[in-house]
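Remarks on the structure that follows.
Whatever order the structure lists them in is the order used to number ligands and atoms, beginning at 1.
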Amino acid sequence: MLLLTQVVLLSALCATTLGCPTIVSRRQWGARPPRSRVPLRTPVPYVIIHHTTGNRCTSQASCSREVKGIQNYHMNTQRWSDIGYNFLIGEDGRVYEGRGWKTMGAHAKKWNHKSLGFSFLGNFSNRIPSAAALNAAKSLIQCAISRGFLKRSYTVTGHRNVNPTSCPGNALYRVISKWPRFKAKP
Ligand SMILES: *[C@@H]1O[C@H](CO)[C@@H](O)[C@H](O)[C@H]1NC(C)=O
Ligand SMILES: [Zn+2]
């Protein structure tokens, strides 16, 4: 009986890939297909943190709506080929697949070819993301390393550190500036 429990537990772990957060696939959130894709050469050395400045969301349904709205804005108004970020992070603790691991993003001018862009869903100028969202982001970084898409010697930085912008908001910026491997001058 103990053995059976262990087998069930082990196979559950293997199925989810150790260290990775729950990733809601494009199909699950109802993505439009991209107009085109440029491959990202991995493993990349940088993770760039953003916020979307959109609405707060705390469920898969509401975060999926937010992500769809951002994709429409990026494709229809910005005229980009797809949603700009590689991944988006909800305050529900789930991660939403944007361009994913293998496609170059459109999130940080001059840095897209050498980074993964992770964006927290919401406006974090005056408040910090939920613990679930912060844990999901940390887990996503470990996941990127374990899956070979991010260098072990990576640097994490804020969008404001590479382009003239207030992104990812003052409150969130203070949090990420305490993360291991953060650099203000990447
Ligand atoms: C984000 O929140 C700040 C502080 O409440 C506000 O000043 C700013 O306009 C917001 N940004 C957007 C794009 O809504
Ligand atoms: Zn940004």
Side-chain angles (χ1 to χ4, degrees), residues 21 23-24 26 29 31 34 37-38 40 42 44-58 62-92 94-101 103-141 143-144 149-150 154-179 181-186:
I23 300 181
V24 178
R26 294 176 66 95
W29 62 258
R37 281 194 187 93
V38 175
L40 183 62
T42 56
V44 293
Y46 297 101
V47 172
I48 298 179
I49 302 294
H50 303 264
H51 68 160
T52 64
T53 71
N55 294 321
R56 166 182 220 152
C57 66
T58 55
S62 61
C63 290
S64 294
R65 274 197 300 277
E66 282 300 304
V67 174
K68 277 204 239 193
I70 294 161
Q71 187 189 33
N72 287 336
Y73 173 67
H74 286 177
M75 291 182 76
N76 301 352
T77 306
Q78 308 281 43
R79 301 300 303 168
W80 296 341
S81 58
D82 192 3
I83 192 166
Y85 311 112
N86 296 93
F87 291 93
L88 301 95
I89 299 152
E91 289 194 90
D92 60 342
R94 293 182 182 86
V95 171
Y96 295 79
E97 181 186 18
R99 296 194 187 192
W101 302 119
T103 300
M104 190 168 78
H107 59 90
K109 203 166 191 169
K110 299 208 176 133
W111 289 75
N112 293 316
H113 66 286
K114 56 182 175 183
S115 67
L116 289 165
F118 297 170
S119 192
F120 285 82
L121 288 157
N123 179 343
F124 300 101
S125 298
N126 288 347
R127 66 178 190 93
I128 64 172
S130 67
L134 293 170
N135 286 335
K138 289 180 188 171
S139 163
L140 190 62
I141 290 174
C143 177
F149 299 117
L150 180 64
Y154 77 96
T155 292
V156 63
T157 195
H159 190 191
R160 63 172 62 179
N161 300 117
V162 297
N163 293 157
T165 171
S166 60
C167 183
N170 286 343
L172 175 54
Y173 183 75
R174 279 192 290 271
V175 173
I176 66 162
S177 65
K178 295 188 184 78
W179 284 0
R181 311 208 65 84
F182 172 86
K183 282 199 187 107
K185 291 187 165 58

- [ ] Please tell me if the side chains of Arg99 and Ser81 come closer than 4.5 Å, counting only heavy atoms from C-beta onward.
- [x] yes
Task: Ligand-residue contact atoms, ligand 1 with Thr53, heavy atoms, under 4.0 Å - done: 13 (C)
Task: the Zn ion (ligand 2) to nearest N/O/S of His50 below 2.8 Å - done: yes
Open item on the list: Do Pro186 and Lys114 make a side-chain contact, defined as non-hydrogen atoms from C-beta onward lying under 4.5 Å apart?
Closed with: no
Task: Heavy atom of the protein closest to atom 1 (C) of ligand 1 (residue, atom name, distance) - done: Asn123 ND2, 1.4 Å
Task: Separation between NE2 of His107 and CD1 of Ile49, rounded to the nearest 0.5 Å - done: 10.0 Å
TODO: Return yes when atom CZ of Arg37 has more than 12 non-hydrogen atoms of other residues, nucleotides or ligands closer than 6.0 Å, and no otherwise.
DONE: no
Task: the Zn ion (ligand 2) to His159: nearest N/O/S atom name - done: ND1
Open item on the list: Over 60° means perpendicular and under 30° means parallel, so tell me whether Trp101 and Phe118 are parallel, tilted or perpendicular.
Closed with: perpendicular
Task: Nearest protein heavy atom with distance in Å, relative to atom 4 (C) of ligand 1 - done: Asn126 ND2, 3.2 Å
Task: Protein non-hydrogen atom found under 4.0 Å from atom 9 (O) of ligand 1 - done: no
